[in-house]
**Q** 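Sharing a structure here in structure tokens format.
Bear in mind that the values here come from a model prediction, so they are computed numbers and not experimental data.
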Amino acid sequence: MIRRLLPLALCLLLLGGCAPAAVGTAGPRRFEATFLELFDTVTTVVGYADAEEDFRREVEDLRRELLVYHQLYDIYNDYEGINNLKTVNDSAGVRPVVVDEKILDLLSFCREMYTASGGKVNVAMGSVLGLWHDAREAAVADPESARLPEDAGLEEAMAHISFDQVILDREASTVYLADPQQRLDVGAVAKGYALEQVCRNRTLPMIVSLGGNVQVVGAKPDGSDWVVGVQDPDGGEEFLRTLALSSGAVVTSGDYQRYFTVDGVRYHHIIDPDTAYPADRYRAVTVLCPDGGVGDALSTALFTMDEAAGKALLSTYGAEALWVLPDGTIHCTDGFQGAIRT
């Protein structure tokens with residue numbers, strides 16, 4: 001069985017207290033919008049405004065800002081007049097590439113998370129991730145011929161994942177991959193980082209879901225919490241847990257989001273940099289964090305770490321987490337437990 005799912009690991013729950021106010025009722029009303037074209041996933045926005053046109057204007061501003069990050073962080077497509085991460089990859093070992101400050105900021109952040117996680121979050125391992133991506137795409141196109149990347153190819157790719165070869169020059173505004181065989185892949189952090197940045201510019205209270213990343217922006221007008229549902233990794237209709245939040249971000253990494261199957265074994269997209277194979281400690285890890293970019297990176301890192309190491313990393317950033325083990329057992333930090341609604 002081959003599945004290719006949009007990473008909707010977290011969902012906005014429009015539960016009690018979230019219904020739009022009746023026409024003519026004083027005060028802000030609830031509105032909702034959805035768009036599909038960014039970061040290969042669905043974006044849903046629920047927010048409050050005095051008038052629909054105010055909400056639509058805010059959503060369009062958010063979408064336009066996200067589009068900039070989407071194009072800059074894209075490793076698969078070229079855009080006229082833009083040097084993006086694909087441009088950087090295409091120029092590996094050839095020349096430094098002048099880039100937008102948003103790329104330098106992201107890669108500086110990625111270096112911080114690489115160091116903090118002991119290399120568990122490594123956006124410089126695109127050569128390895130590319131082999132798994134190609135295998136997954138081929139499996140989707142032809143399930144009967146699904147196959148794993150060759151071990152020899154993975155071993156060779158693993159020789160080209162050193163973050164030391166990613167040269168950032170702030171003064172010249174350039175990025176240079178000194179290793180000609182190295183490639184960047186920022187899938188572990190890009191959505192959460194971009195969403196965090198654009199949500200900082202919002203003026204209306206809202207909650208935004210960008211695939212598996214949910215960001216809360218401001219308190220609801222009535223003072224009640226926003227509610228976020230954590231998806232059951234087995235795909236049940238009931239949410240695994242629901243969280244009541246007044247701020248911050250929630251991010252899930254799971255083995256059920258993008259995967260393919262070979263000889264009855266599921267191979268998902270979260271690759272352990274120590275083995276070059278999908279990590280198998282957990283079914284899912286959900287992180288609650290004040291910063292959505294940090295939360296995105298942490299959810300990837302924790303997926304490949306033992307629980308004790310994960311808790312130590314969480315404490316560095318004031319974050320909390322829930323782990324779903326392969327047998328369905330659920331563990332969570334005390335702070336995460338305190339946010340659980342049901």
Side-chain angles (χ1 to χ4, degrees), residues 2-5 7 40 73 75-76 85-86 88-90 92-93 107 110-111 113-141 143 145-166 177-191 212 233 252-285 296-307 309-310 313 323 325-326:
I2 309 295
R3 295 180 67 190
R4 182 173 153 189
L5 304 178
D40 193 30
Y73 298 165
I75 64 171
Y76 299 110
L85 289 181
K86 181 178 185 297
V88 174
N89 284 342
D90 290 346
L107 294 179
C110 290
R111 176 163 284 160
M113 298 308 302
Y114 173 83
T115 301
S117 68
K120 290 296 190 179
V121 180
N122 184 4
V123 302
M125 59 184 295
S127 55
V128 176
L129 299 179
L131 295 177
W132 284 102
H133 173 271
D134 292 346
R136 187 170 64 249
E137 291 293 298
V140 170
S145 300
R147 57 190 303 176
L148 302 180
E150 297 287 343
D151 285 341
L154 289 172
E155 183 177 357
E156 167 61 21
M158 286 288 284
H160 304 285
I161 67 171
S162 171
F163 213 124
D164 292 339
Q165 299 299 303
V166 182
L177 303 184
D179 180 349
Q181 302 303 313
Q182 187 171 73
R183 298 295 182 268
L184 299 175
D185 185 327
V186 296
V189 298
K191 285 190 301 176
T252 287
S253 292
D255 68 2
Y256 54 91
Q257 296 176 358
R258 293 192 297 275
Y259 66 83
F260 65 102
T261 303
V262 177
D263 296 331
V265 178
R266 175 187 293 185
Y267 296 89
H268 60 79
H269 72 295
I270 306 172
I271 307 303
D272 188 331
D274 292 336
T275 66
Y277 266 72
D280 59 3
R281 292 179 182 271
Y282 313 106
R283 296 293 317 283
V285 177
D296 205 358
L298 290 178
S299 72
T300 299
L302 265 61
F303 202 92
T304 64
M305 290 178 163
D306 66 66
E307 197 171 315
L313 182 58
W323 293 262
L325 277 60

**Q** Once rounded to the nearest 0.5 Å, what's the spacing between atom CE of M113 and atom CG of L298?
**A** 4.5 Å
**Q** State the OG1-CG distance between T275 and L154, to the nearest 0.5 angstrom.
**A** 9.5 Å
**Q** Is the backbone N or O of H269 less than 3.5 Å from a side-chain atom of R258, with the two atoms forming a donor-acceptor pair by type?
**A** no
**Q** Quick check: are there more than 12 heavy atoms from other residues, nucleotides or ligands sitting under 6.0 Å from CG of D263?
**A** no
**Q** Would you sort out whether E307 and L302 count as a side chain to side chain contact (heavy atoms under 4.5 Å, CB included), showing the intermediate values?
**A** CA-CA 7 Å; E307 197 171 315; L302 265 61; over 6 Å; no
**Q** Using every non-hydrogen atom in the two residues, find where P149 and Y277 come nearest and quote the distance to one decimal.
**A** O-OH, 4.5 Å
**Q** Taking all non-hydrogen atoms of both residues into account, name the closest pair between Q182 and A92 and its distance.
**A** O-CB, 3.7 Å
**Q** State, to 0.1 Å, how close A276 and I271 come at their nearest heavy-atom pair, and which atoms those are.
**A** C-CG2, 3.5 Å
**Q** Using the side chain to side chain contact (heavy atoms under 4.5 Å, CB included) rule, take Y114 and V123 through it: C-alpha gap first, then chi angles, then the decisive distance, then the call.
**A** CA-CA 8 Å; Y114 173 83; V123 302; over 6 Å; no
**Q** Let me know which of I161, T300, D185 forms a side-chain contact (heavy atoms from CB on, under 4.5 Å) with N122.
**A** I161
**Q** Report the distance from atom CE of M125 to atom CZ of F163, rounding to the nearest 0.5 Å.
**A** 12.5 Å
**Q** To check you understand the geometry: which heavy-atom pair defines the closest contact between P278 and H268, and what is its length?
**A** CG-O, 3.4 Å
**Q** Which atom pair, heavy atoms only, marks the closest approach of R281 to T304?
**A** NE-O, 3.4 Å
**Q** May I ask you to test the H160-V128 pair for a side-chain heavy-atom distance under 4.5 Å?
**A** no
**Q** Drop me the distance from E156's CD to Q181's CD, to the nearest 0.5 angstrom.
**A** 7.0 Å
**Q** Take atom CD in E155; do more than 12 heavy atoms of anything else shown fall under 6.0 Å from it?
**A** no
**Q** Measure the spacing between CE of M158 and CG of L131 and express it to the nearest 0.5 Å.
**A** 11.5 Å
**Q** Can you tell me how far the OG atom of S127 sits from the CG atom of D179, to the nearest 0.5 Å?
**A** 8.0 Å
**Q** Walk me through it: do Y267 and D280 pass the test side chain to side chain contact (heavy atoms under 4.5 Å, CB included)?
**A** CA-CA 9 Å; Y267 296 89; D280 59 3; over 6 Å; no
**Q** Is it true that a side-chain atom of R266 and a backbone atom of Y259 form a donor plus acceptor pair closer than 3.5 Å?
**A** no
**Q** Please lay out, stage by stage, how F303 and W323 fare under the test side chain to side chain contact (heavy atoms under 4.5 Å, CB included).
**A** CA-CA 8 Å; F303 202 92; W323 293 262; over 6 Å; no
**Q** What is the minimum heavy-atom distance between R183 and L177, and which atoms define it?
**A** CA-CD1, 4.3 Å
